[in-house]
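Following: one structure in structure tokens, then a few remarks.
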There are 4 protein chains.
Amino acid sequence: MSQIRAAGLQLIYQRGYEGMGLRLLAAEAGIGQSTLYGHYANKQEVLVDLICRHMEELLSCLHRAVPADAPPFARFLTFLRFHLTYHMRRPREVFICYSELRSLEPANLARVTDLRRRYEHALIAIIRDGMAAGVMRRADPRVAAYGLLAMLSGVPVWFDPQGPLSEEEVCAEYIRLAVAAVADPLEAALSDRTIATPLPDSPARKA
Amino acid sequence: MSQIRAAGLQLIYQRGYEGMGLRLLAAEAGIGQSTLYGHYANKQEVLVDLICRHMEELLSCLHRAVPADAPPFARFLTFLRFHLTYHMRRPREVFICYSELRSLEPANLARVTDLRRRYEHALIAIIRDGMAAGVMRRADPRVAAYGLLAMLSGVPVWFDPQGPLSEEEVCAEYIRLAVAAVADPLEAALSDRTIATPLPDSPARKA
Amino acid sequence: MSQIRAAGLQLIYQRGYEGMGLRLLAAEAGIGQSTLYGHYANKQEVLVDLICRHMEELLSCLHRAVPADAPPFARFLTFLRFHLTYHMRRPREVFICYSELRSLEPANLARVTDLRRRYEHALIAIIRDGMAAGVMRRADPRVAAYGLLAMLSGVPVWFDPQGPLSEEEVCAEYIRLAVAAVADPLEAALSDRTIATPLPDSPARKA
Amino acid sequence: MSQIRAAGLQLIYQRGYEGMGLRLLAAEAGIGQSTLYGHYANKQEVLVDLICRHMEELLSCLHRAVPADAPPFARFLTFLRFHLTYHMRRPREVFICYSELRSLEPANLARVTDLRRRYEHALIAIIRDGMAAGVMRRADPRVAAYGLLAMLSGVPVWFDPQGPLSEEEVCAEYIRLAVAAVADPLEAALSDRTIATPLPDSPARKA
DNA sequence: AATGAATGAGCTTTCATTCAT
DNA sequence: AATGAATGAAAGCTCATTCAT
């Protein structure tokens with residue numbers, strides 16, 4: 001039930017998986033405590049549902065957002081904007097998916113790790129292609145991808161939608177950082193024109 | 001007692017603060033369960049001790065490692081190397097200091113947040129100075145600092161000392177990313193010579 | 001649940017509130033330890049329930065037993081007999097209601113103190129009326145009431161239903177003491193005829 | 001040590017024997033926790049010491065205060081005044097000696113019960129003698145003694161030295177009640193002259 | 001699909017007590 | 001005589017889970 005998921009998301013975000021009691025989860029979802037077991041086999045399943053659902057949606061949205069046949073640098077820019085937007089709008093899911101992995105039982109962790117790897121490899125492939133095409137500096141593409149992902153994924157920690165910087169401004173700032181970090185300097189000089197590729201679900205804007 | 005800290009560090013890293021039972025902590029530390037209360041007033045104090053101790057040491061080492069009177073770019077490089085080395089060697093502390101903040105009671109959280117802010121401001125100041133000196137691209141120094149810190153701090157998530165990449169190789173790779181991300185392109189082209197400043201406690205290497 | 005109350009009454013009487021463990025209480029009541037919390041929010045509530053329930057019943061029985069419109073001396077005699085009978089038959093409740101007051105949290109103590117005050121004032125009013133009517137010696141009615149209540153309430157400390165003295169004999173003996181203590185000597189001389197007013201729930205007897 | 005006794009008296013009075021932790025007792029007495037065991041074999045001994053010491057002193061003071069060879073009624077009056085004064089001045093000891101008996105181990109309880117019995121029998125003997133001498137109404141002397149002792153011992157529950165009634169006024173009021181309760185009416189009429197026998201350790205006063 | 005009642009296992013914390021110094 | 005450190009046992013309470021309805 002979606003009310004359980006909503007309550008679980010909020011509670012795990014605030015108190016952690018171990019810190020969330022099922023009593024409270026049920027109360028917050030507006031149902032009886034034992035009714036939970038009509039929807040989930042046990043507590044762990046609530047966490048697995050939240051994490052997997054988020055990561056699967058992340059993956060499928062990614063594939064929809066990033067055209068497989070575009071040139072590497074365009075795919076790179078699209079990826080950056082997609083990732084940033086998605087993460088700024090789902091700070092709780094992002095936090096849970098990172099810091100509650102340790103609460104997953106091995107089999108569930110393996111499932112999640114696989115999803116995560118597929119997402120990471122999407123960026124790794126983009127970077128690899130970009131290097132092959134000569135538009136990115138030669139470097140270890142895995143290290144570069146991990147570095148960029150960590151940088152981008154850290155946004156929700158401090159970003160506040162009501163704060164002084166708009167989502168768009170933060171996007172632009174981070175994209176500049178990321179592009180500068182990996183692009184071939186010459187290409188980077190040209191990239192300003194293309195940074196502002198609009199995302200399907202975000203209001204279009206021009207450079 | 002240091003044995004309690006060692007056990008607490010490991011257990012909180014593996015199972016989280018809420019997931020760590022004091023029975024297990026005591027057993028792991030090789031003492032009776034109630035003996036814990038001769039060293040800490042309560043469970044929370046164990047966490048506070050671990051987090052504060054780490055952050056205070058981080059701050060004091062930072063101040064020792066980064067000379068206040070050096071030019072901005074040199075300070076930047078020193079900061080990067082210091083931060084990376086410190087974080088690669090303390091993956092558990094790093095993880096705890098980030099993802100167990102929510103388990104801190106308000107007063108303790110305030111104390112930790114202050115320490116964290118002081119550390120972040122060290123990098124912000126460096127970037128601000130670098131921009132003023134014209135060696136770094138104009139950008140929001142806070143955003144740049146947060147972005148870089150997230151990128152650098154993400155290393156321990158995947159870095160494995162027994163893995164194919166050495167600590168030094170990872171350092172060099174990340175420093176290239178970070179420098180490229182914020183440096184003025186011209187300056188960056190010149191920076192390769194200076195990236196490999198050796199740290200006192202790490203084996204010297206050449207660029 | 002009444003089985004919990006029965007077990008709690010016995011255990012608190014024997015070992016005191018602080019001395020009663022909830023493990024033992026549950027065992028004595030024939031339920032699991034955590035089942036207690038389905039009936040009481042916490043340990044204190046068990047005590048509050050026992051004390052308040054007894055005092056409220058005491059008050060309501062008193063009002064049923066003592067007719068408000070009878071002459072003072074008749075009300076006095078009825079009060080004495082009622083109080084004695086009630087206390088001889090509930091030695092454990094009486095003891096708890098007196099000596100566990102200190103274990104009550106302030107709010108609960110206030111509630112109980114109010115009930116107790118209402119009971120005491122019933123006797124004070126009787127004595128005041130008796131003095132106004134000239135059938136009792138002039139004295140401080142509060143002091144007299146406290147003195148008599150202490151005297152009467154002390155019965156369960158030594159009274160043994162299986163002992164040599166019957167409930168009725170003890171009643172008569174104490175009533176003589178109490179009447180002599182406060183009655184106007186002339187009236188007291190005449191009162192022997194009226195001492196033995198039968199109580200509804202006690203076997204009728206004649207003087 | 002007398003500081004331990006003082007702290008124990010206060011703590012047991014406030015929180016009960018079971019409710020008094022030895023940590024707190026030691027802190028209140030200004031000594032280390034384990035130092036207690038240099039003075040008492042265990043917690044129980046602290047209680048036994050307090051109770052026995054009080055009852056033994058009560059007994060020995062009683063024998064000093066009440067002359068064995070005086071006529072019954074004079075001894076009665078002396079006893080009343082002695083008991084009241086002693087109890088009004090030691091409310092905490094009195095409370096403990098009554099309501100902590102249940103915390104005594106059997107052997108210790110027996111010892112205390114014996115002391116208590118000796119005290120009660122002093123009054124029983126006085127009443128018996130009074131009846132034999134014809135100055136008191138015929139009644140069960142044990143019941144009368146228990147009734148009077150309960151009445152008199154209840155004073156400290158409500159008496160407040162700073163309150164509106166002085167110690168002397170309360171004494172006089174209670175003595176009138178007690179005398180009226182057991183005296184032969186004719187004798188009682190004559191007794192007013194003799195109520196105010198002064199106690200050694202209380203300021204002399206006149207009727 | 002939903003629930004109230006029940007429960008064994010576990011939680012953090014405090015207990016009275018011991019012991020080496 | 002005094003103490004700091006240590007400890008097994010027990011405290012009150014919450015946990016995730018089951019089950020009959």
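Computed over heavy atoms, backbone and side chain alike; hydrogens, waters and symmetry mates excluded. Numbers restart at 1 for each chain; the letters A, B, ... are given by sequence-line order, proteins then strands.
Taking the ring centre of Tyr86(C) as origin, the terminal cationic atom of Arg90(C) falls inside the region bounded by 6.0 Å and 45° from the ring axis. Arg117(B) forms no cation-pi arrangement with Tyr119(B), by the criterion of a distance under 6.0 Å to the ring centre and an angle within 45° of the ring axis.
To the nearest angstrom, P of dT17(E) lies 5 Å from CG of Asn42(D). Straight-line distance from the NZ atom of Lys43(A) to the P atom of dA16(F): 4 Å, rounded to whole Å. At whole-Å resolution of the value, CG in Leu47(A) and P in dA16(F) are 13 Å apart. Leu22(A) places its CG atom 17 Å from the P atom of dG10(E), with the value rounded to the nearest Å. Taking atom CE of residue Met20(C) and atom P of nucleotide dC15(E), one finds them 17 Å apart after rounding to whole Å. Summarising the geometry, the separation between CD on Glu105(C) and C1' on dG12(F) is reported as 13 Å, rounded to the nearest angstrom. In this structure, CG of Leu25(D) is placed 12 Å from P of dC15(E), rounded to the nearest angstrom. Whole-Å rounding puts the Glu18(C) CD to dA10(F) P distance at 18 Å.
Defined by atom type and a distance below 3.5 Å, a donor-acceptor pair is present between the side-chain atoms of Ser103(D) and Glu100(D).
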Provide a list of protein-nucleic acid N or O atom pairs under 3.5 angstrom, restricted to nucleotides 2-6 of chain F.
residue : atom : partner  : partner atom : Å
dA2(F)  : OP2  : His39(D) : NE2          : 2.6
dT3(F)  : OP2  : Gly32(D) : N            : 3.0
dT3(F)  : OP2  : Thr35(D) : OG1          : 2.5
dG4(F)  : N7   : Ser34(D) : OG           : 3.2
dG4(F)  : O6   : Ser34(D) : OG           : 2.4
dA6(F)  : OP2  : His39(B) : NE2          : 3.1

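Heavy-atom nearest nucleotides on DNA chain E were determined for Ala41(D) and for Gln44(B), and the one closer to the 5' end corresponds to Gln44(B).
Salt bridge status for Glu18(C) with Arg102(D): absent, with no side-chain N to carboxylate O gap under 4.0 Å. Salt bridge status for Glu105(B) with Arg111(B): absent, with no side-chain N to carboxylate O gap under 4.0 Å.
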Could you please spell out the steps behind the side-chain contact (heavy atoms from CB on, under 4.5 Å) verdict for Leu47(D) and Ile96(D)?
CA-CA 9 Å; Leu47(D) 179 60; Ile96(D) 289 175; 4.1 Å; yes
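Atom CZ of Arg15(B) has 12 or fewer neighbouring heavy atoms from other residues, nucleotides or ligands inside a 6.0 Å radius. Counting non-hydrogen atoms of other residues, nucleotides and ligands closer than 6.0 Å to CZ of Arg5(A) gives a total above 12.
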Would you write out the dot-bracket form of DNA chain E, 5' to 3', with Watson-Crick and G-U pairs under 3.5 Å, [ ] for crossing pairs, | for pairs to other strands and . for unpaired bases?
.||||||||||||||||||||
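A distance of 9.0 Å separates CE in Met55(B) from OG1 in Thr113(B), rounded to the nearest 0.5 Å.
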